[in-house]
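Okay, structure first, notes after.
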2 protein chains.
Amino acid sequence: SKQFVVIGLGNSGYFLARHLTALGHDVLVIDSSPEKIQDITASVSQAVVADSTRKKQMASLPLNKVDSVVVCIGEDLEASLLTVLNLKELGVKHIIAKSSSPAHTVILEKLGVSDIFHPERDMAISLAERMNRPNMLDYLPFMEGFSIVELACPEKFIGKSLKELSLTSKYGVQVIAIRDPLETEPKLGNLADYVLQERDVLFIIGPNKVLDKIKD
Amino acid sequence: SKQFVVIGLGNSGYFLARHLTALGHDVLVIDSSPEKIQDITASVSQAVVADSTRKKQMASLPLNKVDSVVVCIGEDLEASLLTVLNLKELGVKHIIAKSSSPAHTVILEKLGVSDIFHPERDMAISLAERMNRPNMLDYLPFMEGFSIVELACPEKFIGKSLKELSLTSKYGVQVIAIRDPLETEPKLGNLADYVLQERDVLFIIGPNKVLDKIKD
Ligand SMILES: Nc1ncnc2c1ncn2[C@@H]1O[C@H](COP(=O)(O)OP(=O)(O)OP(=O)(O)O)[C@@H](O)[C@H]1O
Ligand SMILES: Nc1ncnc2c1ncn2[C@@H]1O[C@H](COP(=O)(O)OP(=O)(O)OP(=O)(O)O)[C@@H](O)[C@H]1O
């Protein structure tokens with residue numbers, strides 16, 4: 001279990017701090033709003049009211065000992081940047097920061113922050129990709145041109161086993177799971193001998209062009 | 001190519017509208033700010049200054065003919081909800097809306113919006129999952145307990161082919177790509193006979209517990 005600090009309890013910081021804590025890590029949250037700190041106290045390890053732009057207030061906290069500090073201040077550009085400066089001066093080894101504009105990103109990079117996340121932009125692109133391909137389940141930003149789709153069992157596949165169909169050698173795609181809507185859990189793992197039924201839904205990962213062709 | 005309307009040019013609406021247009025779709029954007037409309041005009045099909053809470057202004061637009069309307073107004077709860085009401089009354093068939101709080105989500109659902117997205121919350125959870133497992137590339141929210149990880153070739157695997165290793169039948173995981181850092185493109189598709197080299201990086205999809213074990 002690691003130690004993290006999350007600064008700023010907008011939606012990003014709030015859900016990040018709670019989920020990291022739920023995953024078993026030690027999380028200190030900092031926000032200038034007493035109400036926000038009060039509301040989250042029960043769901044994290046430690047919650048402190050402080051102004052992260054004021055170096056004196058930050059210096060009393062054990063910031064250089066943690067694995068990472070995440071700055072989740074989006075709206076207030078000045079506060080985000082002054083906070084990063086303080087963290088750098090206080091010897092924080094790893095900073096992750098939320099950016100809310102291209103200019104914000106440029107300045108964060110110049111300040112030496114290499115891990116920058118853009119929630120609204122990334123979700124917008126993922127949503128656009130899924131509106132473009134309605135059967136797409138997951139857009140894989142790190143593997144361009146690849147995605148995971150949900151495909152109702154095509155007629156020609158019914159009654160055949162995955163081994164017979166040899167989709168991987170024929171099309172370069174992989175079936176990662178099969179869901180029988182009558183069962184609670186999808187089938188995973190070694191599916192080579194599984195014989196497809198009409199009602200099965202295939203979860204397939206592969207190059208977009210190929211996935212489009214298989215659908216037709 | 002489909003027809004979409006995007007209302008609200010915060011980061012979400014801005015990147016959604018531009019990416020949908022880049023993917024070849026017909027996108028009309030609506031925002032009450034003339035500057036924002038002016039800035040985006042060149043990158044979308046049509047851009048209109050209007051107050052989406054004013055039914056008269058919305059009635060003159062061809063909203064019931066499009067495939068989907070996406071409401072990307074996060075901060076102003078009232079504006080988001082009044083906009084949804086107007087869209088419903090104007091006969092829009094499919095509404096997608098951004099929510100910025102649990103209360104916002106509840107009310108959107110009561111208004112009959114079934115497609116609701118939460119960019120900050122979802123990215124925060126994804127980031128927490130990746131901070132929890134540093135070699136995780138992609139957190140798959142639709143397949144709980146599954147993820148895609150990047151794994152440097154373990155010593156015992158060097159010089160063996162994927163067929164020999166039979167990772168799928170042994171562990172229930174699938175190798176979806178292999179990256180040789182000396183090459184520009186990762187190897188994809190049918191990798192059964194590929195013999196692993198020391199410098200290869202494997203992209204593996206499978207259940208988290210198993211992926212953790214393979215690492216060690
Ligand atoms: N100087 C500061 N010191 C500590 N906390 C601050 C400071 N400035 C802002 N905050 C806190 O940061 C939090 C996030 O603020 P803001 O709403 O700007 O973030 P956001 O990135 O837009 O949020 P979201 O993650 O919901 O998109 C607020 O709770 C606010 O109280
Ligand atoms: N009644 C309205 N009619 C049209 N546009 C509006 C209306 N109210 C707000 N907007 C526009 O919606 C846009 C988004 O506003 P807001 O900043 O609230 O969104 P957000 O969801 O917080 O943004 P982000 O996607 O960056 O997180 C702004 O450009 C604003 O001009």
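Here is how names work: the chains are called A, B, and so on, in the same order as the sequence lines, proteins then strands, and each is numbered from 1. As the structure is a prediction and not an experimental result, all values here were calculated from the model.
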For the candidates A:H25, A:M123, A:H118, which exhibits the highest count of non-hydrogen atom pairs separated by less than 4.5 Å from chain B?
A:M123

Segment of A:E150 engaging chain B (4.5 angstrom heavy-atom cut-off):
neither

Below 4.5 Å from any heavy atom of chain B, which atoms of A:I205 appear? Answer side chain, backbone, both or neither.
side chain

Is it the side chain or the backbone of A:L167 that comes within 4.5 Å of chain B heavy atoms, both, or neither?
neither

Per-residue contact mode, A:S1 against chain B (heavy atom under 4.5 angstrom)
neither

Return yes if a side-chain donor-acceptor contact under 3.5 Å exists between A:N208 and A:S147, otherwise no.
yes

Heavy-atom distance under 4.5 Å to chain B: side chain of A:I96, backbone, both or neither?
side chain

Identify which of A:P119, A:A22, A:G74 forms the greatest number of heavy-atom pairs closer than 4.5 Å to chain B.
A:P119

Which one of B:I7, B:T83, B:I37 satisfies the side chain to side chain contact (heavy atoms under 4.5 Å, CB included) criterion with B:I30?
B:I7

Turns out that what part of A:Y171 lies under 4.5 Å from chain B's heavy atoms comes down to neither

Using heavy-atom distances under 4.5 Å, tell me whether A:F203 contacts chain B through its side chain, its backbone, both, or neither.
side chain

If you count every heavy atom of other residues, nucleotides or ligands that lies below 6.0 Å from B:E164 atom CD, does the total exceed 12?
yes

Is any side-chain N of the basic residue among A:E183 and A:R199 closer than 4.0 Å to the acidic one's carboxylate O?
no

Kindly indicate whether the side chain of B:I73, heavy atoms from C-beta on, has any atom under 4.5 Å from the side chain of B:S52.
yes

Per-residue contact mode, A:K170 against chain B (heavy atom under 4.5 angstrom)
neither

Go through the atoms of A:V175 and report whether side chain, backbone, both or neither lie under 4.5 Å from a heavy atom of chain B.
backbone

